[in-house]
Visitor: 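The structure that follows is given in the form of structure tokens.
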Amino acid sequence: MAFLPVKEQLEIIKRGTVEIVPEEELVLKLEKSFKLNTPLRIKLGCDPTRPDLHLGHSVILRKMRQFQDLGHHCILIIGDFTGMIGDPSGANKTRPSLTKEDVRENGKTYFEQASKILDPQKTEIVYNADWLGNMKFEDVIRLASKFTVARMIERDDFTKRYESNEPISLHEFLYPLAQGQDSVHLRSDVELGGSDQKFNLLVGRQLQREDGQDPQVCLMMPLLVGTDGTHKMSKSYDNYIGLDEDANNMYGKSLSIPDQLIYDYFELVTDVPLEELPVLKQKAETDPRNAKHDLALAITELYYGKEAAIKAREHFEQTVIKKEIPDDIPEFSFAAGEQIRLIQLITSIKFAPSNGESRRLIQQGGVSIDGETVSDINAEISIDAETSFVLKVGKRKFGKITGK
RNA sequence: GGGGAGAUUCCAGAGCGGCCAAAUGGGGCAGACUGUAAAUCUGUUGUCUUACGACUUCGCAGGUUCGAAUCCUGCUCUCCCCA
């Protein structure tokens with residue numbers, strides 16, 4: 001296939017990037033690729049320990065997709081080797097070491113979810129245990145000798161953990177080396193990563209250089225700030241919008257981001273054309289309400305299509321703005337003749353994790369039946385064949401209770 | 001190898017023999033308000049119980065005591081200083 005002119009490719013590639021190190025080398029690589037009509041080898045590593053992808057992951061995956069669309073060769077590394085050992089970074093808890101099967105399984109799940117963004121046909125999947133697992137201790141020592149401790153601990157997250165007296169295990173120093181070794185093995189031209197990966201990506205450059213290769217270009221994407229507006233999007237902060245979230249949730253959660261993030265989201269997680277971005281930036285400042293709805297729609301549309309996205313918008317307006325009952329709510333049937341305490345009913349359909357919690361919800365006015373707030377903790381419900389009412393618990397848990 | 005500090009409820013962090021299901025902050029949840037599932041304010045935040053109360057929880061295992069998160073012994077883990 002024919003490649004786009006280098007200048008046009010660059011424009012697409014640079015969208016949203018934090019840093020490209022070094023950009024001149026990327027230009028050279030693109031020029032060479034164009035001349036020889038050979039695709040660049042783009043590398044992206046993933047951690048298969050938690051295969052629940054969210055919009056934060058999508059930032060980098062989308063960048064990968066852009067490379068695919070430009071005709072380059074994309075390689076997704078499933079980090080099964082590191083996953084088996086259990087990367088303890090960022091935590092002082094030992095993570096459970098996964099078995100080989102677990103990791104392969106997770107890797108599969110990861111790829112399935114990533115396929116919502118990547119073109120699976122054009123993605124090469126590799127497992128790094130295939131080469132890292134064969135290294136001898138001697139090889140590891142030789143690799144380790146290429147880095148000094150001072151260089152390692154100057155890495156930002158190590159420095160922070162060191163200063164706050166948090167433990168750093170020795171093997172964590174080996175992770176960047178392992179990742180760099182991946183680049184050597186795959187002879188990558190470009191490695192993608194979050195801006196927190198800079199150090200690791202740079203290690204790849206050094207190791208490739210020592211191996212006599214043309215070092216990879218490191219392309220860093222910003223870390224997407226989560227719905228709380230402060231931390232990077234991640235499952236552990238519970239500020240994420242999952243890729244397999246249903247359309248309604250995706251829409252609603254997208255609306256809950258703080259206003260100042262609207263533009264970033266447009267740039268990083270939607271497909272709005274480059275030339276429209278400045279307009280949207282303007283709109284995000286002058287008309288945040290509508291800009292945010294546009295954003296929510298754009299995000300939802302990307303994963304569920306236009307029709308579903310519009311439905312999600314309607315659902316949101318109905319339930320949140322007009323505070324009406326949505327059309328499609330789950331139904332829970334109880335045997336006719338049954339007498340059940342409301343508290344237990346709420347717990348039994350998992351609208352609350354414990355009876356204590358249900359009780360609290362009622363006490364706080366968070367429970368209503370057909371729009372009437374229930375304040376009696378001891379309320380009992382008699383079910384008969386005719387029973388049918390809508391139970392609302394908290395802001396957005398609706399259920400239709402019926403008798404059978 | 002030697003010396004010191006520490007492990008508390010989702011997180012951070014008080015408590016140091018009964019008044020401790022355990023201060024305070026963060027987070028979560030609910031209510032009010034709002035363009036919003038944002039911000040703000042208020043309430044709430046182990047389990048079971050209508051309630052009285054009962055039960056489980058303060059690294060792990062034992063022990064002292066009428067009674068332990070708090071005292072003792074051993075173990076595990078972490079941090080700091082020295083070598």
Side-chain angles (χ1 to χ4, degrees), chain A residues 55 88 90-95 153 158 160-170 172 225-242 245-265 283-297 299-300 312-324 326 339-348 350-368 371-381 391-398:
Chain A
L55 284 186
N92 51 7
K93 310 169 176 101
T94 340
R95 286 190 185 157
I153 58 175
F158 282 150
K160 274 189 200 133
R161 283 164 64 193
Y162 192 68
E163 278 170 0
S164 58
N165 291 344
E166 274 166 46
I168 300 172
S169 300
L170 195 52
E172 291 182 64
V225 176
T227 53
D228 60 358
T230 40
H231 299 287
K232 74 166 183 177
M233 184 175 284
S234 101
K235 222 177 167 193
S236 40
Y237 287 123
D238 196 27
N239 62 356
Y240 68 100
I241 302 174
E245 207 103 48
D246 68 44
N248 289 340
N249 271 324
M250 197 175 253
Y251 192 94
K253 282 192 176 185
S254 299
L255 275 187
S256 76
I257 64 165
D259 290 356
Q260 66 271 22
L261 291 179
I262 296 172
Y263 175 75
D264 290 347
Y265 273 55
K283 186 168 181 182
E285 278 160 24
T286 54
D287 184 9
R289 195 206 96 94
N290 288 318
K292 206 185 283 184
H293 275 275
D294 291 350
L295 172 68
L297 195 74
I299 291 173
T300 312
R313 161 175 286 182
E314 284 163 5
H315 177 266
F316 184 86
E317 282 173 357
Q318 193 174 14
T319 55
V320 181
I321 298 177
K322 296 190 195 141
K323 297 196 195 305
E324 286 170 358
Q339 177 92 357
I340 185 166
R341 292 185 45 228
L342 182 58
I343 286 180
Q344 265 146 9
L345 190 150
I346 292 170
T347 315
S348 73
K350 302 249 168 28
F351 275 15
S354 68
N355 288 350
E357 182 73 28
S358 310
R359 187 173 297 114
R360 244 171 262 131
L361 283 164
I362 296 174
Q363 279 167 343
Q364 297 185 128
V367 176
S368 67
E372 293 262 329
T373 302
V374 180
S375 51
D376 180 11
I377 306 176
N378 300 318
E380 294 209 359
I381 309 288
L391 175 71
K392 183 185 179 198
V393 177
K395 282 197 221 321
R396 59 198 114 105
K397 286 189 200 115
F398 292 92

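Since the model is a prediction, treat every value here as computed from it, not as a measurement. Naming: A, B, ... by sequence-line order, numbering from 1 per chain.
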Visitor: Applying the Watson-Crick and G-U wobble criteria at under 3.5 Å, what pairs with B:A32? Answer none if nothing qualifies.
Guide: B:U40
Visitor: Would you call the rings of A:F316 and A:H293 parallel, tilted or perpendicular, where under 30° means parallel and over 60° means perpendicular?
Guide: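 Judged by the thresholds at 30° and 60°, the geometry between A:F316 and A:H293 is perpendicular.
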Visitor: Nearest to the A:Q364 side chain among B:U50, B:U44, B:C48, which nucleotide is it?
Guide: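 Nearest to the side-chain atoms of A:Q364, counting from C-beta on, is B:U44.
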Visitor: Out of B:C80, B:A30, B:U49, which nucleotide sits closest to the side chain of A:N355?
Guide: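 Given the options B:C80, B:A30, B:U49, the side chain of A:N355 is closest to B:U49.
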Visitor: With a 4.0 Å cut-off on heavy atoms, is A:L361 in touch with a base, just the backbone sugar-phosphate, or nothing at all?
Guide: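 Sugar-phosphate: the residue A:L361, judged by heavy atoms under 4.0 Å, touches backbone atoms but no base.
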Visitor: Distance from A:M233 atom CE to A:Y240 atom OH, nearest 0.5 Å?
Guide: 10.0 Å
Visitor: Any strand counts, and the cut-off is 3.5 Å on both contacts for Watson-Crick or G-U wobble. Which nucleotide pairs with B:C79?
Guide: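 Paired with B:G4.
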Visitor: With a non-hydrogen cut-off below 4.0 angstrom, is A:G252 in contact with a base, only sugar-phosphate, or nothing?
Guide: base
Visitor: Look through every strand shown and name the nucleotide pairing with B:C66 as Watson-Crick or G-U wobble, where both distances are under 3.5 Å.
Guide: B:G18
Visitor: When you measure from the side chain of A:P167, which nucleotide among B:U50, B:A37, B:U78 comes out closest?
Guide: B:U78
Visitor: When you measure from the side chain of A:N239 to the backbone N and O of A:K232, does any donor-acceptor pair fall under 3.5 Å?
Guide: yes
Visitor: A:R313 side chain N/O closer than 4.0 Å to the phosphate oxygens (OP1, OP2) of B:G35?
Guide: no
Visitor: Atom CG of A:D294 to atom P of B:G35: distance rounded to whole Å?
Guide: 18 Å
Visitor: Taking all heavy atoms of A:A284 and all of A:Y263, pick out the closest pair and write down the distance.
Guide: CB-N, 4.5 Å
Visitor: Testing A:L255, A:L55, A:I257, A:L261 one by one against A:T227 for a side-chain contact (heavy atoms from CB on, under 4.5 Å), which residue passes?
Guide: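 Answer to the side-chain contact (heavy atoms from CB on, under 4.5 Å) test with A:T227 among A:L255, A:L55, A:I257, A:L261: A:I257.
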Visitor: With heavy-atom distances below 4.5 Å as the criterion, would you say the side chains of A:R396 and A:T319 are in contact?
Guide: no
Visitor: Write down the partner of B:U73 under the Watson-Crick or G-U wobble criteria, each distance required to be under 3.5 Å.
Guide: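 Base partner found: B:A61.
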Visitor: Any idea which of B:C29, B:A51, B:U36 is nearest the A:F316 side chain?
Guide: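 Per side-chain heavy atoms of A:F316, the pick is B:U36.
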Visitor: Think A:R341 has a side-chain N or O under 4.0 angstrom from the OP1 or OP2 of B:U50?
Guide: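 Indeed, a polar side-chain atom of A:R341 lies that close.
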Visitor: For A:H315 and for A:I343, locate the closest nucleotide of RNA chain B by heavy-atom distance; then report the residue assigned to the nucleotide nearer the 5' terminus.
Guide: A:H315
Visitor: Quick one: label A:K395 by what it contacts on the DNA or RNA (base, sugar-phosphate, nothing), any heavy atom closer than 4.0 Å.
Guide: sugar-phosphate
Visitor: Closest to the A:N378 side chain: B:U50, B:G35, B:C80?
Guide: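 Given the options B:U50, B:G35, B:C80, the side chain of A:N378 is closest to B:U50.
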Visitor: If the P atom of B:A38 is compared with that of B:G31, how far apart are they to the nearest Å?
Guide: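 12 Å, rounded to whole Å.
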Visitor: Given atom CG of A:L297 and atom C1' of B:U36, what is their separation to the nearest angstrom?
Guide: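 Whole-Å distance recorded here is 15 Å.
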Visitor: If I take atom CD in residue A:Q260 and atom C1' in nucleotide B:U36, what distance separates them, rounded to the nearest angstrom?
Guide: 14 Å
Visitor: Is a donor-acceptor contact shorter than 3.5 angstrom present between the side chain of A:R359 and the base of B:U50?
Guide: no
Visitor: Would you check if there is a donor-acceptor pair between the side chains of A:S358 and A:T347 at a distance under 3.5 Å?
Guide: yes
Visitor: Between A:I377 (CD1) and B:A30 (P), how many Å, whole number?
Guide: 18 Å
Visitor: If we take the C1' atom in both B:U57 and B:A69, what is their distance in whole Å?
Guide: 10 Å
Visitor: Would one find a side-chain N or O of A:N165 under 4.0 angstrom from OP1 or OP2 of B:U78?
Guide: no
Visitor: Expressed in angstrom and rounded to an integer, what is the separation of A:I362 atom CD1 from B:U50 atom P?
Guide: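 Between P of B:U50 and CD1 of A:I362: 12 Å.
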Visitor: Counting the atoms with a prime plus P, OP1 and OP2 as sugar-phosphate, which does A:D228 contact under 4.0 Å by heavy atoms, base, sugar-phosphate, or nothing?
Guide: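 Nothing: the residue A:D228, judged by heavy atoms under 4.0 Å, touches no strand.
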Visitor: Give the rounded distance in Å between these two atoms: CD of A:Q363 and P of B:U49.
Guide: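 My rounded result for the distance is 14 Å.
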Visitor: For A:F351 and A:K397, which heavy atoms make the closest approach, and how far apart are they?
Guide: O-NZ, 3.3 Å
Visitor: Reckon A:E357 touches a base, only the sugar-phosphate, or nothing at all at heavy-atom distances under 4.0 Å?
Guide: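 Counting heavy atoms under 4.0 Å across all strands, the contact made by A:E357 is with sugar-phosphate only.
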Visitor: Pick the nucleotide of RNA chain B nearest each of A:K397 and A:K253; which residue has the one closer to the 5' end?
Guide: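 The residue closer to the strand's 5' end, by nearest nucleotide, is A:K397.
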Visitor: Tell me what A:N290 touches on the nucleic acid: a base, only sugar-phosphate, or nothing, going by heavy atoms under 4.0 Å.
Guide: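 The answer is nothing, as A:N290 stays clear of every strand by at least 4.0 Å.
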Visitor: Quick check for you: among B:C48, B:A38, B:U49, whose closest atom lies nearest to any side-chain atom of A:S354?
Guide: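 The answer is B:C48, which lies nearest to the side chain.
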Visitor: Where the side chain of A:S256 is concerned, which of B:G35, B:U47, B:A38 is the nearest nucleotide?
Guide: B:A38
Visitor: At under 4.0 Å, does any side-chain N or O of A:Q344 touch on OP1 or OP2 of B:U49?
Guide: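 For B:U49, OP1/OP2 do have a side-chain N/O of A:Q344 under 4.0 Å.
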Visitor: Please give, in whole Å, the distance from B:U49 C1' to A:R360 CZ?
Guide: 13 Å
Visitor: Which part of the nucleic acid, if any, lies within contact of A:N248, taking any heavy atom under 4.0 Å across all strands shown: a base, the sugar-phosphate backbone alone, or nothing?
Guide: base
Visitor: Quick one: look up who B:U47 pairs with, Watson-Crick or G-U, both distances under 3.5 Å, and put none if it's unpaired.
Guide: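 The base-pairing partner of B:U47, which may sit in any strand shown, is B:A54.
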